[in-house]
Amino acid sequence: MVDDNELKRLAGLKAPAPRAETKARALSAAMQAFEEKNSADPKGSENGQRLTDRLREIWKEMMQKKLIAAPALTGLIALPVAGYTAFYLMQDASRFGGNVPVETTAVRQEEKKADADKLEAVPPVVQVAPKPEAPATSETFAESEVGRGIAMPAPVAEPRGRVGTLPGAVANSKLMADEASRGIAPPMDVQAPAAEDRERFAEFKTNPVRAAATDPVSTFSIDVDTASYSFVRRSLKEGFLPQADTVRVEEMINYFPYDWQGSSDASTPFNSTVTVMPTPWNQHTKLMHVAIKGYDVQAAEQPRANLVFLIDVSGSMNAPDKLPLLQSAFRLLVTKLNPEDTVSIVTYAGEAGTVLEPTKVSERSKILSAIDRLQPGGTTAGEAGIKEAYRLAQDSFVQGGVNRVMLATDGDFNVGQTDDDDLKRLIEDKRKSGVFLSVFGFGRGNLNDQMMQEVAQNGNGTAAYIDTLAEAEKVLVEESSSTLFPIAKDVKIQVEFNPAAVSEYRLIGYETRALNREDFNNDRVDAGEIGSGHSVTAIYEITPKGSPTQTIDDLRYGEASTNNGGIANADEYAFVKIRYKLPTKDVSKLITTPVTKANEVSSFDAADADRRFSVAVAAFGQKLRGTDQVASYSYDDIMKIATAARGTDPFGYRSEFLSLVRLASALSGGNR
């Protein structure tokens with residue numbers, strides 16, 4: 001310990017006078033600073049910049065490289081930025097072509113403070129640690145709220161989607177820090193790790209033109225999904241045209257509510273109306289428009305609902321448009337349910353766990369609290385989650401009611417049963433118990449749309465993509481009846497065209513819903529579901545016999561004929577058959593509609609607004625897919641039809657559609 005007297009003695013000593021050499025060096029540094037400030041070619045650094053100017057340039061370059069484009073990489077940048085900055089600020093003066101200038105002005109001090117503030121604004125490092133792979137037992141897992149996605153101490157981002165390959169980013173950061181510590185300058189063109197796009201969409205070809213003489217029958221399953229429209233909308237609003245395989249034209253058409261004529265009796269679940277009109281993009285063809293409207297179950301008639309929310313809480317859900325949006329969406333749904341309905345919640349990450357046992361909606365606060373406590377973290381054990389959700393649904397099964405699993409996820413199942421075909425078989429088997437499944441997709445970068453479509457189709461449910469809270473309100477509040485309450489299942493459509501009146505036809509959309517001709521009468525073949533009040537629209541473009549735009553040559557030896565030497569029902573364009581089952585039945589029923597001149601309107605403008613608007617949406621979807629038939633039809637042409645047919649538009653869906661057409665036109669370079 002230093003003696004107090006010694007300290008007093010040292011305090012009384014006078015500082016030695018500066019040596020002449022020291023004075024000379026200080027004067028030299030001051031002169032260099034003066035030259036740097038006033039010379040057109042400053043000498044303070046090798047590239048003619050001050051140190052703090054260099055710091056700002058470093059930060060600017062890193063921003064331009066988009067190294068902080070995603071949350072998971074933002075934290076990783078903090079380490080290389082700190083090392084990079086320290087490297088430039090702490091190197092000896094020769095590093096910059098001379099001594100570091102001494103700066104004493106108030107202006108320079110303010111610049112330093114501003115630079116320091118910028119550095120302090122760099123987000124903190126996010127620690128990303130691999131999750132242990134050792135499986136937990138059911139007993140220990142039930143006790144672990146973290147394992148079930150509840151109240152995790154800190155959200156952990158997984159290296160998913162468009163964020164990039166995290167291990168590569170970590171290695172790059174370590175390399176930069178290590179080189180800085182050894183005095184090696186980091187390269188100025190450091191690139192962000194390449195983004196890994198894990199989105200999966202099924203590839204499919206646009207329906208071809210078919211000859212009515214040789215292939216007169218078209219068969220497909222109805223589709224009331226809307227996921228494609230929401231995904232297309234998000235793509236356009238983010239500034240890029242959607243890829244063709246993300247555009248399913250029928251889902252875009254069926255996104256909108258239409259005032260088709262419905263059934264007034266629950267015993268007949270829906271009504272169909274067929275209209276023939278001129279084609280706006282081809283004066284030599286016609287459109288055969290098939291409109292189906294489901295019976296609208298009134299609130300007093302709605303059966304009890306037994307719902308299981310199956311929620312993905314894996315690490316990849318740690319984004320504002322994923323788990324937080326999901327929680328808000330499901331909160332909206334809970335407020336729409338009846339007090340006697342029940343809700344259960346199952347989560348899955350590394351394992352699956354029950355967060356909420358079947359609880360009546362009358363205990364709404366308990367359900368909402370369980371939703372609010374969910375936190376992301378871990379891998380994606382989807383198979384275990386589905387099995388647990390079906391178990392809960394079966395345990396609280398409501399006879400004559402609605403029993404449905406509602407799967408909400410951002411994409412893949414990467415633990416357990418990950419093959420889409422295996423998942424399909426699992427869902428098919430569970431469907432037989434009377435428990436249906438709907439799928440709701442969230443977020444970008446990891447979306448497995450192909451899986452969503454398959455499990456929804458095989459689970460007698462619907463698939464929707466929720467990109468905004470407004471979309472959640474549309475799907476889960478405004479259209480809750482059609483989303484939750486089925487009025488018919490396994491709905492199939494088969495159209496037979498009369499070759500005496502129609503030479504060619506093509507179905508617009510429904511490529512992923514095609515069925516074999518013999519599937520129509522086979523009640524074992526699964527098909528689509530129609531919910532309460534649902535609208536379903538199918539549009540064919542037909543080429544009348546003798547049209548100059550016929551693309552397929554006539555047969556050399558003519559058409560098949562009946563015994564009387566002519567074609568039966570020669571006055572018909574086509575014959576439409578719809579087969580369906582009631583939700584609790586296994587035997588189908590049949591509805592038939594002949595299509596004649598009586599179904600035809602004289603001009604396209606003579607059709608009602610809903611039909612014209614649906615045709616505009618069909619044209620837009622085909623345009624985005626690059627369909628040949630609308631290649632010469634411009635976005636302006638589509639805008640004109642949609643604007644004239646917008647109607648009352650109480651929720652603004654059609655106005656938003658017009659804005660999407662304008663965006664697509666701009667992104668494609670104009671009216672192409």
Check: M288 and V495 side chains under 4.5 Å, non-hydrogen atoms: yes
Flag the pair D372 / R331 as yes when at least one side-chain heavy-atom distance between them is below 4.5 Å, and no otherwise. yes
Quiz item: cation-pi between K474 and Y653, 6.0 Å / 45°: yes
Please report whether the ring centroid of F657 lies less than 6.0 Å from that of Y255. no
Between [Y] and [X], does any NZ, NE, NH1 or NH2 come within less than 4.0 Å of an OD or OE carboxylate oxygen?
X    : Y    : answer
D467 : R233 : yes
K322 : D312 : no
K360 : E363 : no
E471 : K237 : no

In this structure, are over 12 heavy atoms from other groups packed under 6.0 Å from E203 atom CD? no
Can you find a side-chain donor-acceptor pair between [X] and [Y] that sits under 3.5 Å?
X    : Y    : result
R248 : T512 : no
T462 : D225 : no
R304 : N338 : no
S218 : Y540 : yes
T273 : Q261 : no

Checking side chain to side chain donor-acceptor pair (under 3.5 Å) against R579, which of N521, D519, T219 comes through? N521
Got a donor-acceptor contact below 3.5 angstrom from the T537 side chain to the N254 backbone? no
